[in-house]
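Read the structure below first, then the notes.
When reading the values below, keep in mind they use all heavy atoms of this one structure, side chains included, and skip hydrogens, waters and symmetry mates.
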Amino acid sequence: MKAICSFCLIVLFLLGWSENAIAGELSERLENFPQWEKLTSVQQANGDLAYPEWMAGTWKVTSTLVDLSAPLAPDIVTPGFESNRQQLNQSVGFIVRFIKTKPSIKTGVKFIPQINNLQTILVADRAFNSLNLAKAYLGEEAVLSVKVDPDSPNRQITLLRGERQLISIVTARATESISEHKYITAEVFQQLFKGGSRPYFNSVESTTAYYKLATNNPTIEADQVTAVYLSPQDPDYFRAGSRPVALYRYRLEFFPVEMPHPPEE
């Protein structure tokens, strides 16, 4: 379970312009780390999360845990938090890619052909990215596959060896386009772990600021904070209220990789 949680802390950044947050809230959250409260400006996640054009392509990502905090310690500390200190300043590498696609058209009549005149957007290749990320954190043999719901990019399942599953659902998100070269995203996930002695459910937020650099190695840097909230199954759930029980801060570096791009959909 510890390894799965570590993987989940970072998987979130891989999973529009239309959900812009109240100006500055996401920036302020990152600046105020580790003072953290639940986002107030997120909106229901509809469709996929769009990224700026400068993130297009395939990237070798190096992820490094640079800080962590338990805001409610010593009263409430999640299992595994202290042992996660061993990951401080340890880098993990994996390949991701961002591809262009057309937003899907939702209609109630599936058998009638639809003409999609919507403009293409840049999105994360969720199945590809999550599979590579899971293997990087859990090991090649531990991960069987990642499947994205064909009817919604906000729902996916990771199948693990030993009949274990991680179901992730993006329920809300917000974005800020700070400048031409800085873009911030925040997403709220509901996660369900299956395959243990009992299913485990919790909520996680991931806030990431991407910066396009003037250099090629790396080309992009990102500052990411993952906030973990208690499960309603936990006896301290109401004591914690709207405050996270664990915060993890990562530095991400994106290096370009020369690989053939998948065809546009």
Side-chain angles (χ1 to χ4, degrees), residues 1-15 19-22 24-45 49 63-85 87-88 92 124 130 133 137 154 156 158 166-176 178 183-193 200-210 222-252:
M1 179 62 77
K2 173 188 169 186
I4 294 175
C5 290
S6 298
F7 154 64
C8 292
L9 296 177
I10 189 67
V11 70
L12 306 175
F13 93 99
L14 297 170
L15 286 180
E19 292 97 354
N20 283 342
I22 296 173
E25 183 183 10
L26 304 184
S27 300
E28 290 177 0
R29 284 160 59 86
L30 292 171
E31 292 175 358
N32 292 335
F33 178 93
Q35 305 302 319
W36 210 268
E37 292 282 345
K38 276 189 177 179
L39 271 172
T40 59
S41 58
V42 291
Q43 299 179 13
Q44 181 178 343
L49 173 62
S63 171
T64 307
L65 178 65
V66 295
D67 201 354
L68 71 170
S69 175
L72 302 181
D75 295 332
I76 304 175
V77 180
T78 54
F81 176 81
E82 288 302 326
S83 61
N84 283 336
R85 291 188 187 278
Q87 299 179 27
L88 268 172
V92 176
S130 296
L133 183 64
Y137 273 86
N154 296 314
Q156 74 174 47
T158 302
L166 168 63
I167 300 170
S168 301
I169 302 174
V170 182
T171 57
R173 67 168 59 102
T175 64
E176 287 180 9
I178 303 301
Y183 185 59
I184 306 179
T185 68
E187 291 194 307
V188 179
F189 292 79
Q190 305 300 322
Q191 299 186 137
L192 176 63
F193 302 92
Y200 181 80
F201 169 84
N202 75 340
S203 178
V204 178
E205 289 175 4
S206 180
T207 303
T208 309
Y210 299 93
D223 178 20
Q224 181 181 76
V225 173
T226 297
V228 181
Y229 294 86
L230 277 185
S231 167
Q233 300 163 286
D234 194 289
D236 289 320
Y237 175 75
F238 290 106
R239 287 181 64 198
S242 62
R243 295 168 295 178
V245 292
L247 293 167
Y248 298 89
R249 189 167 204 168
Y250 296 88
R251 183 181 68 249
L252 309 175

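When every heavy atom of Val245 is checked against every heavy atom of Ile76, the shortest pair comes out as CG1-CG2, 3.8 Å. The two atoms that bring Ala70 and Phe81 nearest to each other are N-CZ, 3.4 Å, heavy atoms only. The minimum heavy-atom distance between Pro71 and Pro34, with the atom names listed, is CG-O, 4.4 Å. Listed here is the closest heavy atom pair of Gln190 and Phe201: OE1-CZ, 3.0 Å.
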- Yes or no on side-chain hydrogen bond (donor to acceptor under 3.5 Å, both in side chains) for Glu37 and Ser242, after CA distance, side-chain angles and deciding distance? CA-CA 6 Å; Glu37 292 282 345; Ser242 62; 2.7 Å; yes

- Begin from the C-alpha positions of Leu230 and Thr78 and carry the test side chain to side chain contact (heavy atoms under 4.5 Å, CB included) through to its verdict. CA-CA 8 Å; Leu230 277 185; Thr78 54; 4.2 Å; yes

- Can you list the steps and then say if Ile184 with Ser27 is a side chain to side chain contact (heavy atoms under 4.5 Å, CB included)? CA-CA 8 Å; Ile184 306 179; Ser27 300; 3.2 Å; yes

- Task: Assess whether side chain to side chain contact (heavy atoms under 4.5 Å, CB included) is satisfied between Trp36 and Arg29, documenting all intermediate values.
- Result: CA-CA 7 Å; Trp36 210 268; Arg29 284 160 59 86; 2.7 Å; yes

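For the atom pair OH of Tyr183 and CD1 of Ile178, the computed distance is 10.5 Å after rounding to the nearest 0.5 Å. In this structure, the separation between CD on Glu28 and CD on Gln35 is 13.5 Å, given to the nearest 0.5 Å. Expressed to the nearest 0.5 Å, how far OG1 of Thr185 lies from CG of Leu26 amounts to 8.0 Å. Expressed to the nearest 0.5 Å, how far CZ of Arg173 lies from OG1 of Thr175 amounts to 9.0 Å. For the atom pair CG (Asp234) and OH (Tyr229), the distance works out to 15.0 Å, reported to the nearest 0.5 Å. Taking OG1 of Thr207 as the start and CD of Gln224 as the end, the distance is 8.5 Å to the nearest 0.5 Å.
Between the side chain of Arg249 and the backbone N or O of Leu30 there is at least one donor-acceptor pair closer than 3.5 Å. Looking at Glu205, its side chain never comes within 3.5 Å of a backbone N or O of Ala186 through a donor-acceptor pair. Judged by distance alone, the side chain of Ser63 and the main-chain N or O of Leu252 form no donor-acceptor pair under 3.5 Å.
In summary, the side chains of Ser206 and Glu187 do not present any donor paired with an acceptor at a separation below 3.5 Å, with no hydrogens or angles considered.
Atom OH of Tyr237 is surrounded by 12 or fewer heavy atoms from other residues, nucleotides or ligands within 6.0 Å.
The shortest side-chain heavy-atom distance between Asn154 and Leu49 does not fall under the 4.5 Å cut-off. Side-chain contact check for Tyr250 versus Thr208: every heavy-atom pair is 4.5 Å or farther apart.
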